[in-house]
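Have a look at the structure below, then the notes.
Since the structure is predicted, the reported quantities are computational estimates derived from the model, not experimental observations.
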Protein chains: 2
Amino acid sequence: MSRRSGILEFAVLGLLREAPMHGYELRKRLNTSLGIFRAFSYGTLYPCLKTLVANGWLIEEPGSAPEDALAASLAGRRAKIVYRLTAEGKEHFEELLSHTGPDAWEDEHFAARFAFFGQTEHDVRMRVLEGRRSRLEERLEKMRASLARTRERLDDYTLELQRHGMESVEREVRWLNELIESERAGRDQRSRPEGAARHDNDSGETGGLPRHGGSTRPDPSDDTAK
Amino acid sequence: MSRRSGILEFAVLGLLREAPMHGYELRKRLNTSLGIFRAFSYGTLYPCLKTLVANGWLIEEPGSAPEDALAASLAGRRAKIVYRLTAEGKEHFEELLSHTGPDAWEDEHFAARFAFFGQTEHDVRMRVLEGRRSRLEERLEKMRASLARTRERLDDYTLELQRHGMESVEREVRWLNELIESERAGRDQRSRPEGAARHDNDSGETGGLPRHGGSTRPDPSDDTAK
DNA sequence: AATTTCATGTAATTCGTTACATGATTCC
DNA sequence: GGAATCATGTAACGAATTACATGAAATT
């Protein structure tokens with residue numbers, strides 16, 4: 001029972017390591033702050049939270065506003081619930097983080113792990129990055145072989161689609177190479193304790209990750225991305 | 001009932017336009033020949049084929065080997081079934097191909113459509129490409145805005161993940177720009193009739209699509225991509 | 001003779017969404 | 001006072017997978 005992809009569970013635990021939160025806020029962070037732009041709905045999230053509580057990894061606390069506790073005790077009022085990670089939950093998350101099973105290299109699993117790299121160590125990061133890379137190289141090899149086999153039978157558009165797909169994977173590999181390199185260069189420098197956030201917002205070389213050009217700099221025209 | 005994503009249905013109809021096939025072969029082509037490297041399992045494919053037959057878009061024919069018809073009539077022997085597109089099926093596919101609904105710009109829908117671009121016309125191709133591009137530009141805008149809002153709160157890895165994600169989308173837009181340009185240049189030149197395949201395998205400028213460097217050329221070490 | 005590939009299907013299960021139902025709080 | 005956003009949930013449904021069950025044909 002409960003095979004579950006684990007990504008949601010993993011991400012929830014990881015986010016709650018930083019701070020206790022409402023389900024509502026958790027969902028927002030899941031959809032944005034986390035590098036994965038994948039959307040999770042309440043229909044997925046709330047039941048998941050319940051099972052995490054049942055496993056003892058989270059506890060429910062009355063909402064932060066002082067009147068909530070009172071409110072909840074009255075009539076049919078719905079309580080606002082803040083979820084907090086328990087010690088067991090913390091332990092479990094740490095285990096998931098360093099236990100690099102065979103799915104850990106898949107697209108979304110990898111992205112989820114990567115998003116929490118700040119909470120793990122150099123060794124684990126290297127293992128995950130290298131695992132991911134070799135997984136992608138395998139994929140590339142298959143694509144190459146498959147293309148070689150079917151090349152003549154394909155029309156221009158199908159061919160172009162495959163070419164482009166392979167190129168994307170190749171780029172992904174190059175990205176991993178960069179990451180691995182700067183991981184090697186930076187060594188343990190950025191294994192940060194606890195869910196520490198980034199406070200140095202200015203430009204100085206921060207040590208670990210590769211610096212890129214400004215093409216991705218946020219647009220001044222901000223706001224209301226629905 | 002049967003809301004179904006439609007991608008599988010669409011792809012099956014498109015592949016069967018070229019030639020009648022067994023479910024088995026269909027699945028293989030779905031996973032490779034088509035630029036989408038997405039895997040479909042039998043558990044998905046066979047039931048889908050049944051409903052397509054029920055809709056009158058396909059008919060089942062006895063397998064190509066002459067003994068199959070006989071074999072099927074005996075005891076509990078399982079028949080080999082070749083699926084062939086009916087006239088109605090052809091019509092339906094054409095409709096799906098040119099009818100660019102709101103999902104048509106989504107990742108997989110787009111890829112599926114693109115894979116069958118050879119079976120449609122310049123106008124439809126332009127509409128799909130431009131729709132896809134503006135969809136991606138919207139996405140990019142949201143990502144930019146979201147990043148601008150949360151930048152300071154994110155740690156280096158999460159930030160890098162987002163940066164990389166945005167860069168991928170930017171690349172995708174550039175690819176579409178190239179395609180749109182060569183589509184404009186080539187005009188109707190390559191609206192090919194029926195499910196025609198590519199027979200000119202040599203290097204001469206074939207007219208429509210952009211030519212790329214050899215980085216994606218198939219590896220001489222071929223074979224057995226499981 | 002054994003193994004791989006061809007070939008067709010079903011049942012149980014997983015993961016997730018949409019639509020619905022409800023209500024409090026904050027902003028304008 | 002009305003709209004947007006905060007906040008929590010459930011029921012029905014959708015799309016697809018995995019594991020199972022079966023067996024024929026081709027290859028080594």
> Quick one: Glu9(A) CD to dT14(C) P, roughly how many Å, whole number?
Replying inline: 14 Å
> What's the closest nucleotide to the Lys50(B) side chain, out of dA7(D), dA7(C), dG9(C)?
Replying inline: dG9(C)
> How about Phe110(B) and Leu129(B): do any of their side-chain heavy atoms sit closer than 4.5 Å?
Replying inline: yes
>> Using side-chain heavy atoms (C-beta onward) and a distance below 4.5 Å, is Thr32(A) in contact with Leu147(B)?
In response: no
>> Output the rounded distance in Å from NE2 (His22(B)) to C1' (dT5(C)).
In response: 14 Å
> Given dT25(C), dA7(C), dG9(D), which nucleotide is nearest the side-chain atoms of Ile81(A)?
Replying inline: dG9(D)
> Between atom CG in Leu30(A) and atom P in dT17(C), what is the gap in whole Å?
Replying inline: 10 Å
> Bend angle of the helix from dA1(C)-dT28(D) to dC28(C)-dG1(D) from five-pair axes at both ends, rounded to 10°?
Replying inline: 40°
> In whole angstrom, what separates Glu25(A)'s CD from dA24(C)'s P?
Replying inline: 21 Å
>> Heavy atoms from C-beta onward define the side chain here; which of dG9(C), dC6(C), dT8(D) lies closest to that of Lys28(B)?
In response: dC6(C)
>> Just the rounded figure in Å: distance from P of dC6(D) to CG of Asn31(A).
In response: 13 Å
>> According to ring pair (Phe, Tyr, Trp, His ring centres under 6.0 Å), does anything in residues 79-104 of chain A pair up with another residue at least two apart or in another chain? List the pairs.
In response: Phe10(A)-Phe93(A), Trp57(A)-His92(A), Phe93(A)-Phe116(A)
>> Test side chain to side chain donor-acceptor pair (under 3.5 Å) on Trp175(B) and Glu160(A); report intermediate values, then the result.
In response: CA-CA 11 Å; Trp175(B) 181 58; Glu160(A) 173 60 17; 2.8 Å; yes
>> With a cut-off of less than 4.0 Å, is there a side-chain N or O of Lys80(A) near OP1 or OP2 of dG23(C)?
In response: no
> Should the heavy atoms of other residues, nucleotides or ligands under 6.0 Å from CD of Glu106(B) be counted, would the total exceed 12?
Replying inline: yes
> Once you round it to whole Å, what is the distance between C1' of dT25(C) and OH of Tyr24(A)?
Replying inline: 11 Å
> Are Met166(A) and Arg144(A) close enough that some pair of their side-chain heavy atoms sits under 4.5 Å apart?
Replying inline: yes
> Looking at the side chain of Tyr42(A), which of dT18(D), dG9(D), dT8(C) is the nearest nucleotide?
Replying inline: dG9(D)
> Leu49(A) has an atom CG; how far is it from atom P of dG9(D), in whole Å?
Replying inline: 8 Å
> Are any of the side-chain nitrogens in Asp107(B) or Arg139(B) under 4.0 Å away from the carboxylate oxygens of its partner?
Replying inline: yes
>> In whole Å, I'd like the distance from the CD atom of Glu108(A) to the C1' atom of dT14(C).
In response: 14 Å
>> Below the 4.0 Å mark, does dC15(C) have OP1 or OP2 next to a side-chain nitrogen or oxygen of Thr44(A)?
In response: no
> Does a side-chain N or O from Ser41(A) land closer than 4.0 Å to OP1 or OP2 of dG16(C), or not?
Replying inline: no
> Gly23(B) near the nucleic acid: base, sugar-phosphate alone, or nothing, with a heavy-atom cut-off under 4.0 Å?
Replying inline: sugar-phosphate
